[in-house]
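Please read the structure below before turning to the comments.
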Amino acid sequence: MSEARHEAVAAAWIERMTLRQKIGQMTMAERKSVTPADVKRFALGAVLSGGGSHPAGNAPADWVGMTDAFWQAAVGDPDSPGVPILFGCDAVHGNNSVSGATIFPHNIGLGAAGDAELVAAAARVTAREMLASGVDWNFAPMLAVAQDCRWGRTYESYGGDPHRAAEFGRRFVEELQGQGIVACVKHWVGDGGTTHGIDQGETTLSWEELEATHVAPYYPALEAGVMTVMVSFNSWNGEKCHGHRFLVTDVLKARLGFDGLVVSDWDGIKYLDEDYGTAVRLSVNAGLDMFMVPERWRDFIDTLEGQVRQGHVGQDRIDDAVRRILRTKLRHGLFDLPRPAARAGARFACTGSAAHRDIARDAVRRSVVLLKNEADILPLDPAQRILVAGKSAHDLGRQCGGWTLSWQGETGNDTIEGTTVWEGIRAMAPNARLSEDGADAGPDRDDVAVVVIGETPYAEGFGDIRVGDELLVEAGSTVDGVADPIEPYARSLALADIHPEDLACIRRIAARGVPVVAVLISGRPLVVDRELAVSNAFVAGWLPGSEGRGVGEVLLGRCDFTGRLPLPWPDGRGDEPRFPAGYGLVYSRFDNAVSHDV
Ligand code: GLC
């Protein structure tokens, strides 16, 4: 269908919709707070699955059943409103809410791998597994340019380089939308540049600084035709993005020519004012088009209707928002698609397939970064007696991190399918053994130890590292005028302060005369001076996802290290980085021919 046809169809719908039906199109509710009957009655424009929110069974077919029911209510019945809904979710490192999905390294690891075509491959796999679950819209890629490792969302970024974010974001969008999933670049704008790295905090920069670091990564994705943009929780120079007319309307829409839909983040408008009517008015007039109001969506509809009827929001702004939403759905081909259960994707048997997992395992191999290799202890010889220790050695949840089956992530091996770091090493090294605390280490039975340490899963502000809560108010992280001091992940960037059990484990094994290869499973660089000092080798593993075997393949020399730091690595002694961005060692001796069938 041509653009002209799209515009004509949209105009015809706008002509015949009532005000409440138009406002319904601007409303996105969360699946647990809405029924198909509600979608029909209120003519809702979209439904989302928030992090970890999934139907019973959580198999792709269960998702198809869910999205199909919402679809049927919107367009399938005689009394349906007739406009198909978009169903969205956060598939930020694979189709990560669905059981059995292929889980890729989080973006920080893809940033370390440094290959845009690897990002494109991840997007293709993610799209196909999303199609298999009947979902249309991915709230990805995140184009944040992380400036402070204390930020809990550092791992969702490709690192600290705006050019890499731009290149990787474009390729993700091209491949995702090329496969038939609507992409959403986020969060507009400046989320990675907040003071002290506080999530949803204050980004204080000149326009020139903001543009160069945080706006520029959006340009290639916009040129590539990304269909949606999500607004950020943070503020810029004291003004929240969710109410920022200059950033949303004057820059994104007018200056950059974006004609798709701008969507709010999760209840993002409530931060604008204690009075909900004022908050709604400010955000709609700032230029937001669709509103993620997961639970209070009825209140939103009634409030916005009141604002229009009182003359605080113009009918032309409503029509512009609805036109953008309909234009996006028409461009996506949503009006021409059959119901989710009848789509080709519903028959895809690709979720967690060996082919998909192989692609993810290659990403793991290419993401890990070698920071230290004393006396060339690496690569290991598969015949060596390898002790595998550490709390993250045999833990799929820890190696996947947040946004995996649940919003905050999992621990243990009960819910995620894949291979742990231990299982990967065991499969290649017959004399390897697992001893999580390493208490029985000894040169009589172990030639070398691989000690896998690091963070436990977290997402968003729960991953922040913050020395004091007074910083929250300074950073503008308030809800209804009150600082929302959720307990941060830690009060120090030093791993030994956060997780002393890791240093203790390394020391315990080293003290028994067994050399240590430390592998850090984390969403970001951390101060690891003390762990480095007692380790013979040290590897940044990031959050590798479901294919932990890939870590072992590099340690055992099936291939060389190629990963490079995507942002500087902090030093505990001062401001100079311990390792600069771009740092990464390779094997000096590489006996094995580079084996491609690793
Ligand atoms: C969250 C995140 C956003 C995500 C949205 C839906 O709060 O900020 O990145 O897409 O809610 O889950």
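Order of appearance sets the numbers: ligands from 1, and atoms from 1 within every ligand. FYI, the numbering just counts along the sequence from 1.
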Return the set of residues passing side chain to side chain donor-acceptor pair (under 3.5 Å) with D38 (not counting sequence neighbours), or none when no residue passes.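 So D38 forms a side chain to side chain donor-acceptor pair (under 3.5 Å) with T35, R298.
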Does a salt bridge link [X] with [Y], judged by any charged N lying under 4.0 Å from a carboxylate O?
| X | Y | answer |
| --- | --- | --- |
| K253 | D289 | yes |
| D199 | R150 | no |
| D136 | R343 | yes |

Mind jotting down which residue pairs meet the salt bridge (charged side-chain N to carboxylate O under 4.0 Å, His left out) criterion with at least one end in residues 220-229? Sequence neighbours excluded, please.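 Residue pairs with at least one partner in residues 220-229: there are none.
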For ligand 1, run through the N/O pairs with the protein that fall under 3.5 Å and put one pair on each line.
from	atom 1	to	atom 2	distance (Å)
ligand 1	7 (O)	D265	OD1	3.4
ligand 1	7 (O)	E460	OE1	3.3
ligand 1	7 (O)	E460	OE2	3.2
ligand 1	8 (O)	R153	NH1	2.8
ligand 1	8 (O)	D265	OD1	3.3
ligand 1	8 (O)	D265	OD2	2.6
ligand 1	9 (O)	R153	NH2	2.9
ligand 1	9 (O)	K186	NZ	2.8
ligand 1	9 (O)	H187	NE2	2.7
ligand 1	10 (O)	D90	OD1	2.5
ligand 1	10 (O)	K186	NZ	3.1
ligand 1	11 (O)	D265	OD1	3.1
ligand 1	12 (O)	D90	OD2	2.6

With E410, which residues qualify under salt bridge (Lys or Arg N to Asp or Glu O under 4.0 Å), at least two apart?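 Testing E410 for salt bridge (Lys or Arg N to Asp or Glu O under 4.0 Å), a comparison that skips the adjacent residues, returns none.
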